[in-house]
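Sequence lines set the chain letters: A, B, ... in the order given, protein chains first and strands last, and positions in each chain run from 1. Remember, predicted model here, so these are calculated numbers, not experimental data.
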Amino acid sequence: NAGVMQNPRHLVRRRGQEARLRCSPMKGHSHVYWYRQLPEEGLKFMVYLQKENIIDESGMPKERFSAEFPKEGPSILRIQQVVRGDSAAYFCASSPPMVAEQYFGPGTRLTVT
Amino acid sequence: DQQVKQNSPSLSVQEGRISILNCDYTNSMFDYFLWYKKYPAEGPTFLISISSIKDKNEDGRFTVFLNKSAKHLSLHIVPSQPGDSAVYFCAASVTGYSTLTFGKGTMLLVSP
């Protein structure tokens, strides 16, 4: 039973490029969450999605960041025109409905040069 | 403004002894609390949780205690093992709102 999958594990982008991070939730989980961890910090909530719906995006920057969870395929976190401050570890988590425990993927480490 | 605080960045314990990791919260709406363990270059792994209707939950070597009046919870690991060395995150949520609010973590080092 595969856990939460994220790819790529490492991503290097130059300033101004786009970054696309993918997340496949655990089987049977319909809720997906994205968190960001900056160095020496805890995880900060970014966005919560269900299939084809954004439920809560209160933690996501208003510009350059977007997320989707289509009917088919993985959830995508997209960062346009990346800047050095976007360098961080981005974690995806999933859960079944009405369950508080979230299960995390291994993360994507984004480095912006 | 940090709503979940882990005031000890690190903790060192000898193998076989008890490890106690602490967590404080400020938002009285939080009613469900979780502990996660994280190794370097991996995602957090769920350890144990507790609802605000309880004051203790136990799972093997791990016990979480909740003191609602003090807005404080702690994770006890007994006995500690070298493999427990990791960063431990406390997280909180509000029932009906699925997002988690995390503390900054405590790095636990268990020495043989």
query = With hydrophobic residues grouped by side-chain heavy-atom distances under 4.5 Å, do A:Ile79 and A:Leu11 end up in a single group?
reply = yes
message = Test of understanding: clusters of I, L, V, M, F, W, Y form through side-chain heavy atoms closer than 4.5 Å, transitively. Do A:Tyr103 and A:Phe69 belong to the same one?
response = no
query = Can you find a pair of side-chain heavy atoms, one from A:Gln37 and one from B:Lys38, that are under 4.5 Å apart?
reply = yes
key: Side chain proximity check, A:Phe45 to B:Phe102, heavy atoms < 4.5 angstrom   = no
Identify the two heavy atoms, one from [X] and one from [Y], that lie closest to each other, and give their separation to 0.1 Å.
{"X": "A:Glu41", "Y": "B:Lys104", "value": "OE1-CE, 3.4 Å"}
{"X": "B:Pro44", "Y": "A:Leu43", "value": "CG-CD2, 3.9 Å"}
{"X": "B:Gly43", "Y": "A:Phe91", "value": "CA-CE2, 3.5 Å"}

ask   = How far apart are the C-alpha atoms of A:Glu101 and B:Tyr32, what are their side-chain angles, what is the distance that settles it, and do they pass the side-chain contact (heavy atoms from CB on, under 4.5 Å) test?
value = CA-CA 10 Å; A:Glu101 289 81 3; B:Tyr32 201 83; 2.5 Å; yes
How about [X]: does its [atom1] atom have over 12 heavy atoms from other parts shown lying under 6.0 Å from it?
{"X": "A:Lys51", "atom1": "NZ", "value": "yes"}
{"X": "A:Arg15", "atom1": "CZ", "value": "no"}
{"X": "B:Gln14", "atom1": "CD", "value": "no"}
{"X": "A:Gln81", "atom1": "CD", "value": "no"}
{"X": "B:Arg17", "atom1": "CZ", "value": "no"}

remark   = Bottom line for A:Gln6: the part with an atom under 4.5 Å from chain B's heavy atoms is neither
request  = Any chance you could measure A:Phe104, atom CZ, to B:Tyr36, atom OH, to the nearest 0.5 Å?
outcome  = 5.0 Å
request  = Please check if the side chain of A:Tyr35 supplies one atom and the backbone of B:Leu100 the other of a donor-acceptor pair under 3.5 Å.
outcome  = yes
